[in-house]
K.L.:
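First the structure, then my questions, so here it is.
So you know, we letter chains A, B, ... as the sequences are listed, proteins then strands, and number each from 1. What you see is a predicted model, and the numbers here were worked out from it, not measured in a lab. Side chains are part of it too, since the values below use all heavy atoms of this structure and drop only hydrogens, waters and symmetry mates.
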Amino acid sequence: MIDFLYGAAALLLLLTGLGLARMMWGPAPADRMMAAQLLGTGGGAIALLIATASGITAIIDIALVLALLAAFAAVALTLGEPGTKQPDGQANP
Amino acid sequence: MTLLPDLALVLLILTAAVWTVAVRDRRDAVIGFIVVGLLLSLAWVRLNAVDVALTEAAIGGGATGLLLLRACARLVPRPAESVLPHPAMRILTVLLCSAIAAGLAAIVLMPVEPPATLAPEAAASMGELGLGNPITVVLLAYRALDTLLEKVVLVLALIGVWTLTPDQFWGGAPASLRAQQSSGALTLLAQVLPPVGVVIGVYLIWNGADHPGGTFQGGTVLAAMWLLVMMADLREPPEIRLHSLRLLVILGPVVFLVAGFAGFWIANGFLSYPPAFAKPIIVIVEAALALSIAVILGMLVAGPAARAPR
Amino acid sequence: MIGTATVYGLCASGLVAIGLYGLVLHPTPLRKVIAFNLLGSGTFVLFGVAARRGGAAGFLADPVPQAMVITGIVVAFASTALAVALLLRLQETGASSIETTPPEQQDNGAS
Amino acid sequence: MMPAGYATSEGGALLVIAVMLPIVGMIAIFALGLRRAERIAFIILPGGLLIALAIAAEVARTGAAVTYVLGGWQPPLGIALQADGLSATLMVLTALILCAVGLFARGTFSTPPDMSEARRPMVFWTLMLGLWSALNTVFLGQDLFNLFVALEFLTFSAVPLVCLDGRRETVQAALRYLLFALIGSVFYLLGAALLYGAYGTLDMAGLRLQAHYNPATSVALGLMIVGLMAKAALFPLHLWLPPAHAGAPAAASAVLSALVVKAPFFLILRLWFDVAPQPGNQLAAQMLAWLGIFSIVFCSIIALRQVRLKLMIAYSTVAQIGYLFLVFPLVMASDAPSAWQSIGWTGGVLQLVSHALAKASMFLAAGLIAEALGHDRIDNLNGAVTAVPISVAAFGLAGLSLMGLPPSGGFVAKLMLLTAATETANWWIVAAILVGGILAASYVFRVLGRAMAAPKIGFKTLAHIPLHRELAVLGLAISAVVLGFVPLQPFAFLGIGRVGLP
Amino acid sequence: MILVDIFTMAAVGAGMFFFLAGTVGLLRFPDTLSRLHALTKADNLGFGFIVLGLLPQSPDVLSGLKLVVVWLLVQLAAATAGQLIAQFVGLERRRDPAA
C-alpha cells in the first residue's frame, strides 16, 4: 500500500511536471498561470499522498496551506494591469 | 530506484528556475518563480522539513508571488527586456556561476561522517520546556535572539517601505490592491475563504508549539487572508498613521521583549523562561508575533502610502 | 552512495548558479529581485541538506538549520518587499520629480 | 562536539542592554513617536553611550572579555554575546559618533509644529537607533547565523537612510546598495551553510577548535569573505557606495561611512583571525591586500576628480577602507608573539577608529557647508570659511587623518602600517600608503583651498547654522586629532579577550 | 482491511486518470479557454478521487476532516481561479484582439 501511494505521488509529480511544458510554451499569461494552478492542486495531492504513505500527518497541513492559497496567484494576476484603469483612477499610458 | 522521484523533482525545479531567469517577459518570470516555490515546498517535504515546507508554501505560493505580481502590474512601461550584456561579460558570469556551483556540488558530494548535527543537543534540552516541536523550541528558546532581531528587521523593513512615501501623503493609506475589474467570483472567494483561512492560521500558530507549524506560517496565512479581502475591494488598506495599526505592528516585538526582560526576574536572565511557565509564555509570545507578522506582511505588500490622510 | 540529501544538495548548487547568473546579468531590478530569491532558495536548500543529513535523536532532520531557514525566508521576504517598493518608487520619481536640491550631475549608470 | 564553554560574566547583562536599548527606543518612536521622536532619541543616546562606556570599563577592570549566554543555552545550540577589548572599543566609538551625529541632527529632523508626525524625523530617528542596535550586535555576536541576522538588521536600517529625501538618484542609489548588500548576505549565508554542514556549529569559538583546511572550509570562508567585501565596498565591489553615501542626508552619510561599512570589515577580521584555521592562507592575504591597494590608488584618484564635495568624500571612504585590508599580510608576516601584539594589527584598528571619527566629521562638515552655501560644488566653495568657519576648520583637521599627517590618529595608524610593511618587506604596500597619502592631501587641499578663498561678490549665506551643530562636527575632528597622541605601540586593551593571549 | 486498500487503490487510480486527462488537455487543446476548461474539470475530479481514496486510510478523525477541508478548498480555488483566468483572457483579448 505504502509503495503504491509513493508511486502514485511520483507519477502525479511527473504529470504536473509535464504541465510545466505549458508554462514554457504559453503563449498567453493565462496559459502559464494554468500550469502554476495545476502545480498548486497537484502539489497538494502529492502532499496528501506522501502524508498518508509516510504516516506524518503534519504533511496534510502543507496541502491545507497550498489549497488555501491555490487561487492566490490567479487573483494576483488580475491586479491592476497597465493600459487599464488604475485603482487611483489615473489611466496609464 | 527510490531516488528517481527526487531526481525528477530536482530536474523540474532546475528547469523551472532556468526558465524563470531566461524568459523575456517579467510577469512570466514571476509565474515561473511561483512554480519554483511550489516545487520547493515539495522538496522540503522530501528533506523531512515540514515546518520549512509550510513556510515555503505560504510565502512562495502566497506572499512573494502576490508582491511580485503586484509589482509587475504597477510597473507601467514594459521596456524591451533581457537586453543582453556584452558576450564577454556573459561568458565570464557563466564561468563564475559554474565554478561556484561546481564547488558547492563537490562539497555536497563529500559529506562528513558522522554527519554534523545539533539534533542530540536540541533533543536533550527539550524536556525542560514542555514543547513538542523542536523547531519552535529552537526559534523561541535556544535561538530566541535571532528570532527577536528578525522581527525587528520586519518592523524596519516596514519603516523602509514607508520611507518611500511622498511627503504630502505621509500618514495616508497605501494604494488600493483592488483587481482591475470587479468579479463575483473574487468577491465570493474573499467572503468565504477568510473565515476558513483564519481558522487554519490560528490552528497553525496554536499547533506550532507541539507539531509543525508556528508563528510565521500562521501569520503569513492570516496576512494572505487580509490581502485577499483587500484585493476583492471589501476593505481598503489602512492609513499608516493609525495608532491601532502601529500598535499591532509592534505588539509582537514588545511582548517578546517583555518576556525576554522578565527573564531577568523570573528565570535566569534575558530570554530564559522558568520551566513551569515556559510553554504558556512561548505560546503567548507566538500569538502576539503572529498577529504582528500578519499586519506587517500585509502592509509590506500594500506598499508606501499613496494618498493623503483623510 | 548518493542519498536523497545529496540529490537536493546538487539542486541547491544549481539554484545558486542560476540565481547568481540572473542577478548579475539581468538589467532590470525586478528580474534581479526574482533571481535573488532563486539564489536565496538555493542557499536555504543547502541548509536543508545539512538538516536532513543531521537527523538524529528521534528527529528526522536537525531542527537547528531548519529554524535558520525559516528565519532566512522571513528576511528574504522583507528584502524582496523593500526592493520592490524601491523599484516602484524609482519608476514614480521618473523625470517629473520635484527636486529640493540641485540635481546630482554624477550618476554612475543605471542599476 | 567540543564545548566552547561560555559563561555569563559579571556585567554581562550590559551587553543585552546595549543591544536592546536602541530597539526599545526605536519601537517607542514607531508606536508613539508622533511628536516625541527626537525627545525619545535624546534619552536613548546618552543612555547607550553610558552602557558602552560601562562595558569598556568592565573589560578594562577585569582584563577579560565580558560574556552573556542568552537564556542560559550554551552555544552552539544557543547564542552568546561577548565583548572583548576590540568590540568594546568599537562600541564606544559607535556611541560617540552617534551622539555627535544626534547633536548635529538635533532640530533638523524635528517635526514641524503644524503636523502630528512627519516622515523624515520618524524615519531618521528610528533607523538611526536600529542601526545602533545592529552595530552593537555585529560587534558582540559570536554565532555566524546570529551575525547574519545582525548584518541584515544593519542593511535594513541603512538602506532607507540613503533615500530619505526621495530624489530619484537617491532611490536608485538605495536600490543598488540593497542589491549589493543582498548578494553579500547570500554569499555569507552560503558559507555559513557549508560550515554548518561540515562542523555542526556556527559558534566562532567552536569552529576555531574544530576548523581545519579542507575544501568545505576554504570554499565557505572564501564565499563569506567575498560577501562581506561587497558589503564593505572593497574594490572592485565598491560601485554602490559613492552614490549611496553621497545621496544620504549628511547626518546619515556620516554614520554610513564612519560605521556601517566597518561592520563587515570587522567580521572579515573575525573570520580571518578567530575562525579560519591558523596560520591563514598567504595567497588570500596577499589578494585582499592587493584589492586594498587598488582601492587606495584608484578611488583616491577618482575622488580627486569629483565635482561635488559629498561624492569626493564618499570616494575617499572607499580609498580609506582599502587601508584596512592591508592588515592581513602584515599581521601574518609579523614576528610578534601573537597577532594582537603586532604593530600591523594595532595600526589597522587605529586606522578604523580614526577614519570613523574623521570621516564622520568630514561628512557633517560638508553637510553644514552645503546648508550654508546652498550647494556643494567644490569649485564654488569660495567664502565657506566666512560662512561656517568652524566647519571648515573641522574639515581641515579631519583631513589630517585621511592624509596621514601629524598630529592625527590617521598619522599614527598609517605610520604603524608603514612600519609593519617595511619590517615585513611588503614594498608595494609601502608604496600604496605613501601614494595614498599624497592623493588624499591633494583632494583635501583642493577643497580647503577653495573654501578658504575670498567670497565672490554678492556672496551671502543661505542659512544660519546653530553653534551646537558646528561644535558637534568640531568635536569629532578634534577626537581624530587627539588619537594622534597615543603611543606608537600595540595597546594591551585591544588584545583583551582575544584568543592566544593569556 | 484488504477491501479498504483496494478501494484506496481504485479511487487514487481514478484520481490519477483525471489528472492525466487534465494534463493532456492542458498540453493538447488548441486554445486557452478550452485548456482552462479541461484543466479545471479534470483537476477537481482528480483531486476529489484522491481525497476519497485516502479518507479511509487516515489515522484519526482530525486528519480525515482536514482531507475534506483540503478538498473543499481546492474546489473553491479551482472554481474561482478558473473564472478569474477566463476573465483575464477576455480582458487581454479585448486589449489586443490580434492575440
K.L.:
Less than 4.5 Å to any heavy atom of chain C: does that hold for the side chain of B/Met126, its backbone, both, or neither?
P.N.:
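Interface part for B/Met126: side chain.
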K.L.:
Working to the nearest 0.5 Å, report the span between CD1 of B/Ile135 and CD of C/Gln66.
P.N.:
3.5 Å
K.L.:
If you take all heavy atoms of B/Val138 and C/Pro63, which pair is closest and at what distance?
P.N.:
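Heavy-atom minimum between the residues: CG2-CB, 4.1 Å.
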K.L.:
Picking from B/Gly37, B/Ala122, B/Ala157, B/Ala105, which has the most non-hydrogen pairs under 4.5 angstrom with chain C?
P.N.:
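Option with the greatest count: B/Ala105.
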K.L.:
Does any backbone or side-chain atom of B/Val36 lie under 4.5 Å from a heavy atom of chain C? Answer side chain, backbone, both or neither.
P.N.:
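For B/Val36, the contact with chain C is made by the side chain alone.
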K.L.:
Between B/Leu149 and chain C, which part of the residue has a heavy atom less than 4.5 Å away: side chain, backbone, both or neither?
P.N.:
neither
K.L.:
Can you tell which of B/Gly32, B/Pro166, B/Gly214, B/Ala102 has the highest number of heavy-atom pairs within less than 4.5 Å of chain C?
P.N.:
B/Pro166
K.L.:
Heavy atoms only, distances under 4.5 angstrom: which of B/Val153, B/Leu109, B/Ile100 has the most pairs with chain C? Name it, please.
P.N.:
B/Leu109
K.L.:
Under a 4.5 Å cut-off applied to non-hydrogen side-chain atoms, are C/Val7 and B/Leu9 in contact?
P.N.:
no
K.L.:
Is the backbone of C/Ile70 close enough, under 3.5 Å, to the side chain of B/Glu150 for a donor and an acceptor to pair up by distance?
P.N.:
no
K.L.:
For C/Leu86, is it the side chain, the backbone, both or neither that has a heavy atom under 4.5 Å from a heavy atom of chain B?
P.N.:
both
K.L.:
Provide the closest heavy-atom pair for B/Val10 versus C/Cys11 in the form atom of the first, atom of the second, distance.
P.N.:
CG1-CB, 3.5 Å
K.L.:
Where does C/Val84 contact chain B at under 4.5 Å (heavy atoms): side chain, backbone, both or neither?
P.N.:
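Only the side chain of C/Val84 comes within 4.5 Å of chain B.
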K.L.:
How long is the straight-line distance from CD1 of C/Ile34 back to SG of B/Cys72, given to the nearest 0.5 Å?
P.N.:
6.0 Å
K.L.:
Looking only at heavy atoms and a cut-off of under 4.5 Å, which of C/Leu46, C/Leu23, C/Thr80, C/Val75 has the most pairs with chain B?
P.N.:
C/Thr80
K.L.:
Nearest 0.5 Å, what's the CD1-CZ distance between C/Ile73 and B/Phe216?
P.N.:
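It comes to 7.5 Å.
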K.L.:
By a 4.5 Å heavy-atom criterion (distance strictly below it), what part of B/Leu7 contacts chain C: side chain, backbone, both, or neither?
P.N.:
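Answer is both: backbone and side chain atoms of B/Leu7 are under 4.5 Å from chain C.
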K.L.:
Shorter than 4.5 Å, heavy atoms on both sides: which option in B/Leu300, B/Ile59, B/Asn48, B/Val52 has the most such pairs with chain C?
P.N.:
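Result: the option with the highest number of such pairs is B/Asn48.
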K.L.:
Hey, could you give me the CG/CZ distance between C/Leu38 and B/Phe33, rounded to the nearest 0.5 Å?
P.N.:
6.0 Å
K.L.:
Going from CG on C/Leu10 to CG on B/Asp6, what distance comes out if it is rounded to the nearest 0.5 angstrom?
P.N.:
11.5 Å
K.L.:
Do C/Thr28 and B/Arg26 have side chains that get closer than 4.5 Å, going by heavy atoms?
P.N.:
no
K.L.:
Answer with side chain, backbone, both or neither: which region of C/Val16 has an atom nearer than 4.5 Å to a non-hydrogen atom of chain B?
P.N.:
side chain
K.L.:
I need the residue from B/Ala99, B/Ala63, B/Pro114, B/Gly103 with the largest number of non-hydrogen atom pairs under 4.5 Å to chain C.
P.N.:
B/Ala63
K.L.:
Quick one: closest heavy-atom pair of C/Ala61 and B/Leu47, and the distance?
P.N.:
CB-O, 3.9 Å
K.L.:
Does C/Arg31 reach the main-chain N or O of B/Arg24 with its side chain, forming a donor-acceptor pair under 3.5 Å?
P.N.:
yes
K.L.:
Report yes if the side chains of B/Val301 and C/Phe77 come closer than 4.5 Å at any heavy-atom pair, otherwise no.
P.N.:
yes
K.L.:
Could you tell me which portion of B/Arg143 (side chain, backbone, both or neither) has an atom closer than 4.5 angstrom to a non-hydrogen atom of chain C?
P.N.:
side chain
K.L.:
Is it the backbone or the side chain of B/Leu164 that comes under 4.5 Å from a heavy atom of chain C, or both, or neither?
P.N.:
both
K.L.:
Would you say that C/Leu15 contacts B/Leu40 through its side chain, given a criterion of any heavy-atom pair below 4.5 Å between the two side chains?
P.N.:
yes
K.L.:
Give the minimum heavy-atom separation between C/Ala78 and B/Leu154, together with the two atoms involved.
P.N.:
CB-CD2, 3.9 Å
K.L.:
So what's closer than 4.5 Å to chain B heavy atoms on C/Leu30: side chain, backbone, both or neither?
P.N.:
side chain
K.L.:
Could you give all pairs that pass the side chain to side chain donor-acceptor pair (under 3.5 Å) test and reach residues 50-62 of chain C, with sequence neighbours left out?
P.N.:
B/Thr117-C/Asp62, C/Thr6-C/Arg53, C/Asp62-D/Tyr196
K.L.:
State, to 0.1 Å, how close B/Gly160 and C/Leu82 come at their nearest heavy-atom pair, and which atoms those are.
P.N.:
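Shortest heavy-atom separation between B/Gly160 and C/Leu82 comes out as C-CD1, 3.6 Å.
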K.L.:
Below 4.5 Å from any heavy atom of chain B, which atoms of C/Val69 appear? Answer side chain, backbone, both or neither.
P.N.:
side chain
K.L.:
Compare every heavy atom of B/Trp44 with every heavy atom of C/Phe44, then report the nearest pair and how far apart it is.
P.N.:
O-CH2, 3.1 Å
K.L.:
Identify which of B/Asp146, B/Thr147, B/Thr20, B/Val50 forms the greatest number of heavy-atom pairs closer than 4.5 Å to chain C.
P.N.:
B/Thr20
